[in-house]
Amino acid sequence: MYPFSIQISFSRRSTGSVETQNLTCVPEFHLVGFSEDPALQYLLSVLFLSMYLVTVLRNLLIILLIISDTHLHTPMYFFLCNLSLADMGFISTTVPKMIVDIHTHSTVISYVGCLTQMSLFLICGCMDDLILTVMAYDRFVAICHPLHYQVIMNPHRCGFWVTVSFVASLFYSLLHNLILLPVTCYKAAEISNFFCDPSQLLNLTCDNTFNHDIVMYLIGIVFGFFPISGILFSYYKIVSSILRVPSPDGKYKAFSTCGSHLLVVCLFYGSGLGIYLSASFSTSSRESAVASLMYTLVTPMLNPFIYCLRNRDIKRALQRTLNRIS
């Protein structure tokens, strides 16, 4: 029994049987740890801290380059700047807490802290999703309608799309909170992940899961199916337009402008699919936590590397900045 928990047992009578269910009213939750070996815990804390610092510093570098270099004051880099902000928030909601837990040998998180972490995680994750969709639309306009690009993707419209993405992310987080806040008792106090995973919390609730499932399916359609459909449609039109370009150099130049974005999209949704498959087929909570680590830590860490290594404008802006400093 966890400390300060209240366990309630009740019987629910059904046809020919009596089902007993235990409910736990707790002011805190217990997360999954990666290892109980002190030596391995030290190595993990150093590794995760290094990856976290690299991610934050790389994203900060991209943001500072875009702000300081006037050559990067374009819609594509405006969206990239907001994507870097979302990535920094996304990784900062889970990894610092995980590092502290490893260092202090504690996996406890308070009820308020859990809901706060979940809310920030959903806001930043949804922002990532929607900004990637807007970036796909930006590439679609740039390649398929180049003559009208400046008119369509004007500064006011770019700001509008980012604002809509942020408000939609807040609404997405609010929907989860409206489901979980009325819940007073849970089936257990242990979350099978290293952070307050929204799906794990919903599975632990004792209320009518059918209504929750309906709401979650609707949320998945609005915030999952529509963005993915928008990205797929944009790239369908982009590929169709590139195939009509007669010269190989023209095709390469057109595709190179969206290659980095396409890699980030595949990484984002691929790791998300990996979490879903791991949760569906894995019986070990630690394996699910490792899969979630790929999504919450590795993906945000690789995003700035992809944009820095494959983007000539970022490289040139970095070189100009270094020349000014020297």
Side-chain angles (χ1 to χ4, degrees), residues 1-5 24 26-61 84 87-118 120-122 124-125 128 186-201 203-204 267-268 270-306 308-309:
M1 182 64 60
Y2 296 111
F4 309 109
S5 66
T24 307
V26 293
E28 60 190 28
F29 292 97
H30 290 248
L31 306 173
V32 170
F34 286 99
S35 175
E36 297 178 359
D37 183 2
L40 184 58
Q41 284 183 338
Y42 175 76
L43 291 176
L44 288 175
S45 63
V46 172
L47 174 64
F48 294 153
L49 179 61
S50 302
M51 295 173 71
Y52 174 72
L53 292 177
V54 168
T55 303
V56 171
L57 293 175
R58 277 279 184 169
N59 280 293
L60 275 176
L61 176 62
S84 295
D87 279 340
M88 288 173 58
F90 188 65
I91 193 173
S92 297
T93 58
T94 57
V95 176
K97 167 64 177 170
M98 177 182 63
I99 295 172
V100 171
D101 288 347
I102 294 174
H103 183 70
T104 59
H105 309 287
S106 173
T107 59
V108 175
I109 185 170
S110 67
Y111 175 78
V112 175
C114 187
L115 290 186
T116 302
Q117 186 187 61
M118 181 202 71
L120 295 174
F121 175 80
L122 290 171
C124 296
D128 261 344
Y186 292 83
K187 298 174 186 176
E190 182 170 327
I191 299 174
S192 300
N193 214 323
F194 68 90
F195 68 100
C196 289
D197 188 354
S199 61
Q200 294 285 340
L201 287 173
N203 290 334
L204 293 176
L267 187 64
F268 182 80
S271 57
L273 180 62
I275 291 180
Y276 175 78
L277 295 176
S278 175
S280 301
F281 298 105
S282 176
T283 58
S284 171
S285 58
R286 192 156 292 175
E287 290 179 1
S288 299
V290 172
S292 298
L293 190 67
M294 291 290 298
Y295 184 70
T296 56
L297 178 57
V298 177
T299 298
M301 184 187 72
L302 292 179
N303 286 353
F305 280 98
I306 293 173
C308 288
L309 291 176

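For this chain, numbers begin at 1 and follow the sequence in order. Values below: all heavy atoms of this structure, side chains included; hydrogens, waters and symmetry mates excluded.
In this structure, S84 OG and D128 CG are separated by 9.5 Å, a value rounded to the nearest 0.5 Å. For the atom pair F48 CZ and I99 CD1, the distance stands at 8.0 Å (nearest 0.5 Å). Annotation: the span from L49 atom CG to H103 atom NE2 amounts to 11.0 Å, rounded to 0.5 Å. Atom-to-atom distance recorded for N193:CG and T296:OG1 is 8.0 Å, nearest 0.5 angstrom. Here the CG-CE distance, from N303 to M88, works out to 13.0 Å after rounding to the nearest 0.5 Å.
D87 has its side chain out of reach of T55: every pair of non-hydrogen atoms, C-beta onward, lies at least 4.5 Å apart. Here the side chains of V54 and F305 are in contact, with some heavy-atom distance below 4.5 Å. Contact check for F121 versus T93: side-chain heavy atoms found under the 4.5 Å cut-off. The shortest distance between side-chain heavy atoms of L297 and I91 falls below 4.5 Å.
Environment of CE in M51: crowded, with over 12 heavy atoms of neighbouring residues, nucleotides or ligands closer than 6.0 Å.
When atom types are taken as modelled, the side chain of E190 and the backbone of H30 share no donor-acceptor pair closer than 3.5 angstrom. The backbone N or O of C196 lies less than 3.5 Å from a partner atom in the side chain of Q117, making a donor-acceptor pair. Put simply, the side chain of T299 gets close to the backbone of M294: a donor and an acceptor are under 3.5 Å apart.
Here F90 and Y295 bring their ring centres to under 6.0 angstrom of each other.
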